[in-house]
Amino acid sequence: MEYTDLDPSTWVVRSGRPPAVPDNPINAPIVPASTFHAGGAIEYGREANPSASALEEALGGLENGLAIVFSSGMAAANALMDLWPIGAKVIAPTTAYTGVAVRLRELHERGQIELTTCDVTQTQIIIDLLPNSQVLWLESPTNPLLEVAELEILLAHARTCGVTTIVDNTFASPVRQNPLVMGADFVLHSVTKILSGHSDLLMGAVVAQDHANWEQLHVRRVLLGAMPSAFDCYLALRGLRTLFIRYEKSESNAISLVSQLQSHPNVLRLRYPGWGTIAAIEVAGSADRVCESTRLWTYATSLGGVESLLERRRRWPLESHGVPENLIRLSFGIEHPNDLWLDLNRALISGSKI
Ligand SMILES: *Cc1c(COP(=O)(O)O)cnc(C)c1O
């Protein structure tokens, strides 16, 4: 079955399954094995696992490339960074996912890369830097400022300059954009988030444009030892089956609440690209009190689960100082929008009381 023949929402339900022969299970089984009988294609559990391969088939089709899964989004990000030569000139967003931003800064401070950071919305500034760079790391929309990059323009320019491009597609997901189709070399995902969707596992993935790039990443996974467990691969694939209906419901909740938050007296600024399942608000009064006083919304880090969840990002000491102290990131789940609104509205009112 070729993914090009099917709508992605059909592909995600149908792919990654054993052949349809009598008495074969319809779901890829969990294969708990560290080693395999010699002489075959797998041999050892750090090389591959059938449960991981089933998930990779589904994910690769969704992003129009070849997928490889890792034990977390950060493990996937580190495998990509491990491909760069010493001294590589890297352009990255000023505000990106905290772990990625901190890691890039570390590599720069150790003299392993030469890092230049840019606002991802400053298309011309990035284009001007490309001829003198080797790697362009993009995230769009960014976490947690929800800035949107002009991906098609940037990726086309990077290609003509021979710059390797990586797009962290965690927020948009393949439901809303396919960076490989726009010309990216690699797409990065925190599978922990909306792809698996149930806040019950940690996982990352890279989807590569071509087989040579995939092979290099496979070697990194083997050598860095960043293989996810078979059980987590099973759960992630089960979650991925419902990606489209979860994404669409979460997004419609986001759109519905954003329109009410826009005119809320205690919301000083609202950030939302007009689509997607994540928004951010800057609030009057105590942002911590708002987070602590919800009853339905979960106060916790992370995002992309079926449950709506909120967090003041600057409570983390390593979060970029470009993120306002009073910014609360909102991850919309699939509950009823009326329940979400009543709870958030009440928390915003109680949080602003001195
Ligand atoms: C969470 C996240 C990551 C890191 O993924 P983990 O699975 O937590 O290691 C990377 N990028 C973005 C945009 C994220 O939200």
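One-based numbering, in listed order, for ligands and for the atoms of each.
Counted by atom type alone, Asn27 and Arg17 present one or more donor-acceptor pairs between their side chains at under 3.5 Å. Side-chain contact annotation: Ser51 with Asn49, donor-acceptor N/O pair under 3.5 Å present.
Annotation: side-chain hydrogen bond (donor to acceptor under 3.5 Å, both in side chains) contacts involving residues 196-207, sequence neighbours excluded, comprise Ser199-Glu307. Residue pairs that meet the side-chain hydrogen bond (donor to acceptor under 3.5 Å, both in side chains) test with at least one member in residues 153-166, sequence neighbours left out, are Arg159-Asp185, Thr165-Asp185. Counting only residues at least two apart or in different chains, side-chain hydrogen bond (donor to acceptor under 3.5 Å, both in side chains) contacts with residues 83-92 comprise Lys89-Asn132.
Contact between Ile328 and Ala287 at its shortest, heavy atoms only, is CD1-O, 3.7 Å.
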Could you list, one pair per line, each nitrogen or oxygen of ligand 1 together with any protein nitrogen or oxygen closer than 3.5 Å, giving atom names and the distance rounded to 0.1 Å?
| unit_1 | atom_1 | unit_2 | atom_2 | d |
| --- | --- | --- | --- | --- |
| ligand 1 | 5 (O) | Ser190 | OG | 3.0 |
| ligand 1 | 7 (O) | Gly73 | N | 2.9 |
| ligand 1 | 7 (O) | Ser190 | OG | 2.9 |
| ligand 1 | 7 (O) | Thr192 | OG1 | 2.6 |
| ligand 1 | 9 (O) | Gly73 | N | 3.0 |
| ligand 1 | 9 (O) | Met74 | N | 2.8 |
| ligand 1 | 11 (N) | Asp168 | OD2 | 2.7 |
| ligand 1 | 15 (O) | Asn143 | ND2 | 3.1 |
| ligand 1 | 15 (O) | Lys193 | NZ | 2.8 |

